[in-house]
Every structure is written in C-alpha cells, then in structure tokens.
*Asks:* 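Before I ask anything, here is the structure I am working with.
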Amino acid sequence: EAGVTQFPSHSVIEKGQTVTLRCDPISGHDNLYWYRRVMGKEIKFLLHFVKESKQDESGMPNNRFLAERTGGTYSTLKVQPAELEDSGVYFCASSQASGYNEQFFGPGTRLTVL
Amino acid sequence: GQQLNQSPQSMFIQEGEDVSMNCTSSSIFNTWLWYKQEPGEGPVLLIALYKAGELTSNGRLTAQFGITRKDSFLNISASIPSDVGIYFCAGLVYNQGGKLIFGQGTELSVKP
C-alpha cells in the first residue's frame with residue numbers, strides 16, 4: 001500500500017511569489033493534517049481536514065495560506081504571496097479516523113523563500 | 001497555548017551507549033507519542049503511550065508516560081549507527097481532532 005506522498009520535495013522561490021504544495025494521503029484515510037517545521041523548532045500543526053471539510057484551521061499562520069481538499073482526496077496548500085518566514089518543511093499526515101488513530105506522515109516539502 | 005519542552009536538543013554519543021531524552025509540559029496530555037525522523041523522510045511512530053504511568057518497550061526503546069500526564073521520556077539502549085536521526089515527542093488531547101503537539105526534537109548522532 002502506498003504511503004503519504006508529497007510534491008514537490010523541494011521548492012525554492014522568491015519573496016512575493018506563489019507556491020502550491022500537494023499532498024496525497026493514504027487511500028481511504030478521511031483525515032488529513034498539515035504541519036510545518038521551521039528550522040530547528042517544533043513541528044507545528046497547521047490544519048485538519050475530515051474528508052473535504054476543514055475541521056480545525058487554528059494553526060494557519062495568516063490569510064496568505066490557503067488549504068483545499070476538493071473531493072476529499074488529495075490536498076493542496078497554497079502560499080500567496082510567500083514571505084521569508086514561510087521557509088521550512090511542510091509535512092502532511094493522514095489517518096483513518098480522528099481522535100487517536102496513528103497518523104502516517106509524508107516525506108515533507110522543503111520550502112525555501114529567498 | 002499547549003507547548004512541549006524537549007531536551008536535550010542534540011546528543012553525540014558513541015555506539016553502544018545508552019541514550020535518554022525527555023519532554024515536559026505545563027499541560028496535561030491524554031496520549032504521548034515518540035517519533036523518529038530520518039533525513040529526507042517524515043516522522044515515523046516509534047511508541048505510543050495511553051495511560052499515566054505506562055511503561056512501554058519496543059526492542060531497544062523504552063518510553064514512559066509520566067504519572068502527572070505532563071511528561072514522558074524515551075530511552076534507547078545500546079545505541080547503533082542506524083539510531084541516528086531526530087526524535088520528537090508529541091502529545092495529544094482528546095476532543096481536539098487528533099491534532100498533535102510536538103516537542104522541538106532531539107538530534108541524535110552515533111559515532112561507530
């Protein structure tokens with residue numbers, strides 16, 4: 001069974017540009033989470049989808065970040081316009097059910113904003 | 001908000017040595033988890049702890065859920081080179097949809 005996949009693995013953009021990250025969860029997993037790790041700090045929760053609905057977006061830094069999960073399958077996270085402080089590794093995770101079911105993480109997208 | 005303080009930040013040890021790392025919080029958690037991240041990969045679950053006071057082993061790894069529910073430790077015995085990576089603790093509170101609160105990570109280097 002395929003794991004969580006993320007695309008691209010790396011992205012280098014200039015301040016002010018737009019970037020879209022994609023996450024494909026494990027097939028059949030209704031719950032999809034986005035997290036971010038800024039250099040050397042903790043992995044921080046961004047938001048949680050249950051199917052196509054946003055369950056919790058309390059961790060989204062500001063309105064330059066937009067997450068979607070149309071059709072309840074893959075998800076995209078768009079940053080527009082990107083700022084220097086958005087640099088970091090963005091992880092996606094999926095689980096079968098919310099509450100405590102093991103979350104399986106993707107390899108992450110390393111975003112560098114110059 | 002909820003925050004986990006993980007220590008140490010990094011460790012450089014010799015192969016065969018034992019390792020200990022811990023996480024503390026001012027908040028109570030219902031579940032404590034320990035993850036390992038290797039270069040180019042996402043975090044992978046090592047051990048999950050569900051009850052205060054619980055002590056769980058997974059091979060050379062042992063973790064405990066603190067009795068106050070505000071702390072946890074992870075021990076690795078007889079370290080080997082493939083133990084290299086970043087270890088994260090994470091806490092979970094029921095009724096928060098599965099949102100994980102992570103510590104800052106402990107970067108482990110093992111010298112053969």
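Naming convention: chains lettered A, B, ... in sequence-line order (proteins, then strands); numbering from 1 in each chain. Note that the structure is a prediction, hence the values are computed from the model and not measured.
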*Asks:* Could you tell me whether A:Lys54 atom NZ has more than 12 heavy atoms of other residues or ligands within 6.0 Å of it?
*Replies:*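 Counting neighbours around NZ of A:Lys54, more than 12 heavy atoms of other residues, nucleotides or ligands fall under 6.0 Å, so yes.
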*Asks:* Tabulate, in ascending numerical order, the residues of residues 84-94 of chain A having at least one heavy atom closer than 4.5 Å to a heavy atom of chain B, or enter 'none'.
*Replies:*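 Heavy-atom contacts from residues 84-94 of chain A to chain B are A:Phe91.
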*Asks:* Is A:Tyr35 in contact with chain B via its backbone, its side chain, both, or neither, using a 4.5 Å heavy-atom distance?
*Replies:*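 For A:Tyr35, the contact with chain B is made by the side chain alone.
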*Asks:* When the aromatic ring centroids of A:Phe105 and B:Tyr35 are compared, is their separation below 6.0 Å?
*Replies:*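 Centroid separation for A:Phe105 and B:Tyr35: below 6.0 Å.
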*Asks:* Honestly curious: do A:Leu47 and A:Val50 fall in one hydrophobic cluster under the side-chain, below-4.5 Å linking rule?
*Replies:*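 The answer is no; the residues belong to distinct hydrophobic clusters.
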*Asks:* Counting only non-hydrogen atoms closer than 4.5 Å, can you tell me which residues of residues 70-90 of chain B sit against chain A?
*Replies:*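 Within residues 70-90 of chain B, the residues that come under 4.5 Å of chain A (heavy atoms only) are B:Ile86, B:Phe88.
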*Asks:* Consider only side-chain heavy atoms of I, L, V, M, F, W and Y, link residues closer than 4.5 Å, and tell whether B:Leu45 and B:Ile101 are in one cluster.
*Replies:*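 No: no chain of side-chain contacts under 4.5 Å links B:Leu45 to B:Ile101.
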*Asks:* Side-chain contact, heavy-atom cut-off 4.5 Å: A:Gln103 with B:Pro43?
*Replies:*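 The answer is no; the side chains never approach within 4.5 Å.
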*Asks:* What part of B:Glu38 gets closer than 4.5 Å to chain A, counting heavy atoms only: side chain, backbone, both or neither?
*Replies:*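 When you check distances to chain A, no heavy atom of B:Glu38 falls under 4.5 Å.
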*Asks:* Are the side chains of B:Phe102 and A:Phe45 in contact, using a 4.5 Å heavy-atom criterion?
*Replies:*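 No, every pair of side-chain atoms sits at 4.5 Å or beyond.
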*Asks:* Do you know the tightest heavy-atom contact between B:Lys99 and A:Ser58?
*Replies:*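 So the two residues come closest at NZ-OG, 3.8 Å.
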*Asks:* Group every Ile, Leu, Val, Met, Phe, Trp and Tyr by side-chain heavy-atom contacts under 4.5 Å, then state whether A:Leu32 and A:Val4 land in the same group.
*Replies:*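 Different hydrophobic clusters.
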*Asks:* Which residues in residues 5-27 of chain B have a heavy atom less than 4.5 Å from any heavy atom of chain A?
*Replies:*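 So no residue qualifies.
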*Asks:* Which atom names give the shortest non-hydrogen contact between B:Gln104 and A:Arg37, and what distance separates them?
*Replies:*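 In terms of heavy atoms, the two residues are closest at O-NH2, 3.0 Å.
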*Asks:* Determine the minimum heavy-atom distance between B:Gly40 and A:Pro107, stating which atoms define it.
*Replies:*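 Looking at all heavy atoms of both residues, the closest pair is O-CB, 3.6 Å.
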*Asks:* Find the distance between CG (B:Leu100) and OH (A:Tyr33) and round it off to the nearest 0.5 Å.
*Replies:*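 That separation rounds to 7.5 Å.
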*Asks:* Are B:Leu4 and B:Leu33 connected into the same hydrophobic cluster when the rule is that any two of I, L, V, M, F, W, Y join if their side-chain heavy atoms are below 4.5 Å apart?
*Replies:*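 Unlinked, B:Leu33 and B:Leu4 end up in two clusters.
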*Asks:* Pick from A:Lys41, A:Gln6, A:Gln55, A:Lys44: which one has the most heavy-atom pairs with chain B under 4.5 Å?
*Replies:*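 Heavy-atom pairs under 4.5 Å are most numerous for A:Lys41.
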*Asks:* Name all residues meeting the side chain to side chain donor-acceptor pair (under 3.5 Å) criterion together with B:Thr62; count only those two or more places apart in sequence or in a different chain, and write none if there are none.
*Replies:*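 Testing B:Thr62 for side chain to side chain donor-acceptor pair (under 3.5 Å), a comparison that skips the adjacent residues, returns B:Ser57.
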*Asks:* Identify whether A:Trp34 and A:Val113 are in the same connected component of the hydrophobic contact network (ILVMFWY, side-chain heavy atoms under 4.5 Å).
*Replies:*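 A:Trp34 clusters together with A:Val113.
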